[in-house]
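We count ligands from 1, going down the list as the structure has it; atoms in each ligand are counted the same way. Sequential numbering from 1 along the given sequence is applied to the chain's residues.
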Amino acid sequence: MSVTDVTDVTDLYRKFGEERLPPGQRETSAFPVLSKGTVPDWDPDEWEFTVTGAVEEELSLSWEEFRELPTRTQRQDFHCVTGWSRFDCEFTGVSFPDLADRARVRDDAVHVMFSALDGYTTNLPLEACTREEVLFTWELDGKPLPREHGGPLRVVTPHKYAYKGAKWVDGIEFLTEPERGFWEKRGYSNTADPWNEERYG
Ligand SMILES: Nc1nc2c(c(=O)[nH]1)N[C@H]1C(S)=C(S)[C@@H](COP(=O)(O)O)O[C@H]1N2
Ligand SMILES: [Mo]
């Protein structure tokens with residue numbers, strides 16, 4: 001087995017706030033599950049990941065093709081809007097910029113919508129996505145990402161509350177106008193900065 005290089009991004013809070021633990025959060029060693037419904041079925045032979053919208057080259061990647069993209073492992077904190085934070089999670093996957101580069105994002109793209117197998121959607125401005133630590137991940141703490149936590153593939157957004165990270169993600173669309181996703185339409189904050197306690201919109 002090879003030793004994996006781990007990039008530590010647990011200090012990214014310094015760009016956003018004073019304390020590693022954002023205000024109003026409590027640290028937990030558990031990893032609670034929060035989903036709007038049940039775990040969706042996943043068929044690795046049928047699954048495809050699509051990149052659409054304001055790009056020069058729309059992509060459709062099989063699970064095998066997705067797994068051949070360059071990977072990174074990062075140690076990060078995970079902040080849930082309901083008030084818990086889990087420190088030092090190690091996620092392995094493909095960074096958003098690495099994936100976006102393949103599709104060659106157009107100049108008029110300003111926003112991104114993530115979609116998932118359970119019908120969940122979530123949105124972020126493009127500049128909040130083009131960060132190495134925004135990761136499409138299939139591995140947590142050296143093990144395959146558990147299905148209830150979004151396996152086979154989910155997004156993690158260590159600089160935002162966790163609802164900005166779609167579990168069971170299967171596509172991204174680049175948009176020329178902002179749009180709102182599932183929780184953003186239902187009263188959660190559109191911006192979701194944990195150090196500014198942007199919980200509700
Ligand atoms: N596809 C999908 N992604 C989702 C959700 C969901 O219901 N469906 N819930 C979001 C919310 S509100 C949170 S807090 C995190 C929870 O991730 P966890 O269950 O791994 O703790 O996933 C986010 N991503
Ligand atoms: Mo959440």
Under 4.0 Å between a Lys/Arg side-chain N and an Asp/Glu carboxylate O for Arg20 and Asp88? yes
Between Arg106 and Asp108, is a salt bridge (Lys or Arg N to Asp or Glu O under 4.0 Å) present by the stated rule, with each step listed? CA-CA 5 Å; Arg106 287 193 338 230; Asp108 57 343; 3.0 Å; yes
Would you mind reporting whether Leu12 and Glu133 have side-chain heavy atoms less than 4.5 Å apart? yes
Can you list, by chain and residue number, every protein residue with a non-hydrogen atom closer than 4.0 Å to ligand 1? Phe31, Pro32, Val33, Leu34, Ser35, Lys36, Phe78, Cys80, Trp84, Ala116, Asp118, Tyr120, His149, Arg154, Ala162, Tyr163, Gly165, Ala166, Lys167, Trp168, Trp183
Residues Asp8 and Thr10: side-chain donor-acceptor under 3.5 angstrom: yes
Should Asp141 and Arg86 count as an ion pair when the cut-off is N to O under 4.0 Å? yes
How does the hydrophobic cluster around Phe91 look, that is, which other residues are in it when side-chain heavy atoms under 4.5 Å mark a link? Phe31, Leu34, Phe78, Trp84, Leu135, Leu140, Leu145, Val156
